[in-house]
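Okay, structure first, notes after.
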Amino acid sequence: MAWYDEAVFYHIYPLGLAGAPKENTYGEPQHRLNTLVPWITHIKDIGCNAIYIGPLFESVGHGYETTDYKKLDSRLGTNEDLADFVAKCHEQGIRVILDGVFNHTGRDFFAFQDIKKNRENSPYKDWYCNVNFWGNTEYNDGFSYENWGGYNLLVKLNQHNPAVRDYICDVIRFWVSEFDIDGIRLDAADVLDFEYMKALRHVANEVKLDFWLMGEVIHGDYTRWVNEGTLHSVTNYNLHKALYSGHNDHNYFEIAHTVKRLYDMGGSRPDGLKLYNFVDNHDVERIYTKLNNKAHFTPVHILLYTLPGIPSIYYGSEFGIEGRKERFSDDSLRPAISLDDYADAVTNNPCTRLIAALGRIRQNSAALSYGAYQELLLTNRQYAFARNHNGESVVVTVNNDDSDYVMTLRAGNAAEYIGALSGEKVSVNNGNIVVNVKANSGDVWLPLTDGNEKAVSPVGLDTVKAEQKPAEKTDSPKTEFNCAKEAVSKAVSEEAAGAASGKKAASENAGSAASDKIAVSEEAAGTASDQKAVSENAGSASDGTAVESKSAVQNAKSQTSEDFEKGKIAGLQEAILAIMEKNGPVTDQMRRDVEANVYHDSLIAWVKSFR
């Protein structure tokens, strides 16, 4: 057992939170990092015991175009400020991991500047991929090179070069000795060379006990990265997507299917792969913005904190703030926030109160960190599962419907259970508990013992405002069965239009990386609507009509969409390869990776990753 097995993370984008200028003039240090020190107490108060903060090191703009790996960004302060910040975190029992941007550097990095000056005679000419002195760039460098994501601002490091590996490994050693950090999140880990990552893991094992390596991975089989030789964990983009769309579409089957597929990847480990779970971050819209029904903030976060994996909260989202992606800027996702504006949030803000309660529950229940996952009940709108560890069974229930729902669930060996969020007690009869799950809410049911008082954190679960987008008007009443049939027809039509839009967006990415990202996001939202149409019509029917409608929907969709699905997947794969070819040489391994990915949502996320 390591510290990260029981971690609850708080994610900070420091340049944004501290209100730093967008461009770095490399002037006198401005000690903005020190303004984040009061946040440490707040982070502890809401039940987090680890911080992921970054990027932090000298760069010219957003932080991912590194100029100097060994110097805190001048807009944030000095190395002494960073060492002091980490020390203050450790004083309050909070671990700290930093962003490691080791796939590429900025153009102001010393090695690139030396190539510009000395060209073929530079000792660093092999530090970057495919440097071609017969080529050129929009910067008129007089040579070309491989970049990341189609941006020549981000120069791709040659990870096969032993000198580059040695340099980056020394950077990790420097960060540990200088700042006493506890781990690193590897930016763009899904394009890092695996031998390169093995070298980084070797250093991680060397520098500090339980030093954690987590990677940014969007698509693919996560076990390629998460294993004893490479990384401890990766970002769980699969669950991220399922959590918000599963609520917007009233489709808990999507979430449960995603959880099972990821859980099975973990093999014999009862707690799975220990993936880094999140509902929003510095690259995606805020969860409060994405939810059609704002009351779903509650069940979404109950799942975040109780499903297998390591939960993370992105700064400000505990207050329920909005943040929408803009066409050419992520600024709205990375705002400056004054903690003084939220001084009483833990007691007065229902979103913050919920997050703080879940943090306490998570930290005081070993089963939620180590427990084996067991599905107990699943419908479109209701979902229950257990986490079982050392004879203790914690039961989790969520409901995305506007009405309460009574569940009868298999329980553990205890005589009585208590809802850690509601404070309600229920008895175990014939091995079962019967619980009433409130509308658009949920609870974490703990076996009632003398030792779990700390984990019980009753909150007002109905206080997150149930704002919901208005339903579409209909001209005349229709039967449930006809509504279901029309939903299927509409779903297939919308899906076809969405797939075509996604392919078009992906192709246009070859010419404009910024604009296609919005197009693909819109396509993904459009594709999700088909599940909503089907699930709502099938799920809202009653008694025998509901069964008949749902069966008709499933049979009709199965018969009409199988070939279409195959064609859509092939189209997305083709589009991704086209973008890759635009950005640089496509190896056989890259082609195999694309062809092996047959998951629609993963392919959509892959297209969106070309920033």
Non-hydrogen side-chain atoms of [X] and [Y] separated by less than 4.5 Å:
X    : Y    : result
M265 : D221 : yes
I255 : L303 : yes
H42  : Y315 : no
I46  : V8   : no
H240 : S245 : no
I418 : E424 : no
L291 : N248 : yes
N432 : R410 : yes

If I compare all heavy atoms of [X] with all of [Y], which pair ends up nearest, and what's the gap?
X    : Y    : value
V217 : A189 : CG2-CB, 4.0 Å
P308 : Y373 : CG-CB, 3.8 Å
M407 : A384 : SD-CB, 3.9 Å
A7   : A50  : CB-CB, 4.3 Å
V437 : G442 : CG1-CA, 3.9 Å
A256 : E375 : CB-OE1, 3.7 Å

Partner set under ring pair (Phe, Tyr, Trp, His ring centres under 6.0 Å) for [X], not counting sequence neighbours:
X    : value
Y10  : none
Y370 : H389
Y417 : none

Practice problem: Determine, stepwise, if the pair F385 / V259 fulfils side-chain contact (heavy atoms from CB on, under 4.5 Å). | Solution: CA-CA 11 Å; F385 58 89; V259 171; over 6 Å; no
Can a side-chain donor-acceptor contact be found between [Y] and [X] if the only test is distance below 3.5 angstrom?
X    : Y    : value
E318 : T352 : no
N400 : H247 : no
Y64  : D99  : yes
N238 : T258 : no
T379 : Y252 : no
H250 : N380 : no
N281 : Y237 : yes
N388 : S393 : yes

Main-chain N/O of [Y] paired with [X] side-chain donor or acceptor, under 3.5 Å:
X    : Y    : result
T306 : I302 : yes
N349 : F319 : yes
S312 : F278 : no
D443 : S422 : yes

Quiz item: Among V226, I310, L239, whose side chain to side chain contact (heavy atoms under 4.5 Å, CB included) with L275 holds?
Solution: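 When V226, I310, L239 are each tested with L275, the side chain to side chain contact (heavy atoms under 4.5 Å, CB included) holds only for V226.
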Report the distance from atom [atom1] of [X] to atom [atom2] of [Y], rounding to the nearest 0.5 Å.
X    : Y    : atom1 : atom2 : answer
L304 : F297 : CG    : CZ    : 9.5 Å
E322 : T289 : CD    : OG1   : 3.5 Å
H296 : I287 : NE2   : CD1   : 11.0 Å
L368 : L446 : CG    : CG    : 7.5 Å
I321 : C351 : CD1   : SG    : 10.5 Å
D190 : E216 : CG    : CD    : 6.5 Å

Quiz item: Salt bridge between D331 and K325, side-chain N to carboxylate O under 4.0 Å?
Solution: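 Salt bridge: no.
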Practice problem: Inspect the contact between E6 and R362 and indicate whether a charged nitrogen and a carboxylate oxygen are less than 4.0 angstrom apart. | Solution: no
Only counting residues at least two apart or in another chain, list the ones meeting salt bridge (charged side-chain N to carboxylate O under 4.0 Å, His left out) with [X].
X    : answer
D264 : K260
R387 : none
D404 : K438

Quiz item: So, do Y4 and H232 have ring centers that fall under 6.0 Å from each other?
Solution: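 Close enough - the centres of the two rings lie under 6.0 Å apart.
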Quiz item: So, for Y52 and F9, is the gap between ring centers shorter than 6.0 Å?
Solution: no
Practice problem: Could you check H301 against I355 for side-chain contact (heavy atoms from CB on, under 4.5 Å), going step by step and ending with a plain yes or no? | Solution: CA-CA 7 Å; H301 283 87; I355 297 303; 3.3 Å; yes
Exercise. Decide side-chain contact (heavy atoms from CB on, under 4.5 Å) for Q382 and V398; before the verdict, give the C-alpha distance in whole Å, the side-chain angles of both, and the deciding distance to 0.1 Å.
Key: CA-CA 6 Å; Q382 290 82 33; V398 286; over 6 Å; no
Quiz item: Taking it one step at a time, do D280 and S317 satisfy side chain to side chain donor-acceptor pair (under 3.5 Å)?
Solution: CA-CA 8 Å; D280 48 17; S317 284; 2.6 Å; yes
Practice problem: Would you check, one step at a time, whether the test side-chain contact (heavy atoms from CB on, under 4.5 Å) holds for L354 with T298? | Solution: CA-CA 7 Å; L354 172 68; T298 297; 3.8 Å; yes
Quiz item: Does NZ or CZ of K294 come closer than 6.0 Å to the centre of the six-membered ring of Y288, within 45° of the ring's axis?
Solution: yes
Quiz item: Going through the checks in order, is the salt bridge (charged side-chain N to carboxylate O under 4.0 Å, His left out) test met by R334 and D283?
Solution: CA-CA 9 Å; R334 309 168 180 183; D283 287 326; 3.1 Å; yes
